[in-house]
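In what follows, a single structure is set out as structure tokens and then discussed.
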Protein chains: 2
Amino acid sequence: MTTRWLTSEEQRAWRAYIAATHLLEDAIDRQLQQDAGMPHLYYSILANLSEVPDRQLRMTDLAEKTKITRSRLTYAVSRLEKDGLVRRENCKWDGRGSIAALTDEGMAVLERTAPGHVETVRASLFDHLSEEQVRQLEEICAQIAGALDEGGSRPTPDEVPWRRRSAPPCS
Amino acid sequence: MTTRWLTSEEQRAWRAYIAATHLLEDAIDRQLQQDAGMPHLYYSILANLSEVPDRQLRMTDLAEKTKITRSRLTYAVSRLEKDGLVRRENCKWDGRGSIAALTDEGMAVLERTAPGHVETVRASLFDHLSEEQVRQLEEICAQIAGALDEGGSRPTPDEVPWRRRSAPPCS
DNA sequence: CAGGCTTGGTTCAAGTTTGAAACAAACCTA
DNA sequence: TAGGTTTGTTTCAAACTTGAACCAAGCCTG
């Protein structure tokens, strides 16, 4: 089949998307590196842990939540562990498993740096969008994520007792 | 001032955004790494060069267009040069300047791999959005990029004769 | 036109990411 | 229950990114 090239409308959207994501990523990373001494991804890991019961998660679940590869997560958690913000434990129910748990210090860092982070997200993103656009953005991103996430997002196994999931709060 | 936390609407949008951008980036990178042997950024560099008069650009202009840092660009161009896809030249008008020029081989690689890339962008992104949403996405991203790009996007100096700019085509 | 500031690029070390391979525990299935 | 497959995680080397120096070449201003 001959290539379905992008329409000029799509091209503009794609280019704007690339530019916006690069710039936004840079802004967020720069601020967090400054104020929390870690890149955004690492902050996200802490944030995700903080919102879950017992503030701990199995590596694979954490990778799934943050949409990153396992090896990337392993590296990140190792660094965070070295910094004392996360502790690794063995999974009691599954000898293969490994659990990342937020330490008190990790929680403290999170609490201390969250305001600055949120402020940056606001200043970089939401301050420039109308409420309507925020809704549109969510819808658009949810659709994209949903489509690309097949296989990763198999239905939550609530019937499996030892694998709790939880509800979402912050960044 | 007390922190303006995100509303739950904003939180959902932010999380969806993070997920979507991670997943999309991964999908695009994976495909290009497979089929073109280079990550998306490197492909973008070639693409940007291909669309500009004479298929060459000063490093700083190229960095500006792709929204990346100069040092990142230096590294990338070095690799592309090693691969024979880009050639470096000295800027005739400015002794400090350095120019990256797309080689014929670079152009060939681009032409060979563009269809697969476009197809992936389509399959990963546009196929999941309505025309209306594409417009919304562009508007949203343009606003974000515009806001974050101050200082980088000083008015195009058309009055400077030796620094041509040009119109945009593909990815 | 000398000294100093600015601009365009590169370099370097430290940190991060990638993807494939290695391991080990758990889960079959005959 | 032995052997083979799947699943959870780490490891390793190669590639990439970061940010702070650094080096030149232009651009003042006195």
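Hydrogens, waters and symmetry mates play no part in the numbers below; they use all other heavy atoms, side chains included. Being a predicted model, the structure only gives us computed values, none of them experimental. Here is the naming used below: chain letters follow the sequence lines, and residue numbers restart at 1 for every chain.
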[X] near the nucleic acid: base, sugar-phosphate alone, or nothing, with a heavy-atom cut-off under 4.0 Å?
{"X": "R30(A)", "answer": "nothing"}
{"X": "L41(B)", "answer": "sugar-phosphate"}
{"X": "S98(B)", "answer": "sugar-phosphate"}

Rounded to whole angstroms, how far apart are [atom1] on [X] and [atom2] on [N]?
{"X": "Y75(A)", "N": "dC16(D)", "atom1": "OH", "atom2": "P", "answer": "17 Å"}
{"X": "L73(B)", "N": "dT17(D)", "atom1": "CG", "atom2": "P", "answer": "11 Å"}
{"X": "I28(B)", "N": "dT18(C)", "atom1": "CD1", "atom2": "C1'", "answer": "17 Å"}
{"X": "R72(B)", "N": "dA14(C)", "atom1": "CZ", "atom2": "P", "answer": "21 Å"}

Could you check which of dT18(C), dT17(D), dG8(C) has an atom nearest any side-chain atom of R58(B)?
dG8(C)

To the side chain of T74(B), which of dG8(D), dT10(C), dG26(D) is closest?
dT10(C)

Which residue lies toward the 5' end of DNA chain C, R70(B) or Q34(B), if each is placed at its nearest nucleotide?
R70(B)

Take I18(A) and K67(B), measure what side-chain contact (heavy atoms from CB on, under 4.5 Å) needs, and give me the verdict at the end.
CA-CA 9 Å; I18(A) 302 284; K67(B) 309 297 179 201; over 6 Å; no

Considering only heavy atoms and no angle criterion, is a donor-acceptor pair shorter than 3.5 Å present between the side chain of R96(B) and the base of dT7(C)?
yes

Drop me the distance from L85(B)'s CG to E105(B)'s CD, to the nearest 0.5 angstrom.
5.5 Å

To the nearest 0.5 Å, how far apart are CG in N48(B) and CG in L41(B)?
9.5 Å

Considering heavy-atom distances to DNA chain D, does G95(B) or D26(A) have its closest nucleotide positioned more toward the 5' end?
D26(A)

Given DNA chain D, 5'-ward residue of the pair S71(A) and Q33(B), judged by closest heavy atom
S71(A)

Could you give me the CA-CA distance, side-chain angles and deciding distance for L102(B) and Q56(B), then say whether side-chain contact (heavy atoms from CB on, under 4.5 Å) is met?
CA-CA 6 Å; L102(B) 190 62; Q56(B) 55 176 48; over 6 Å; no

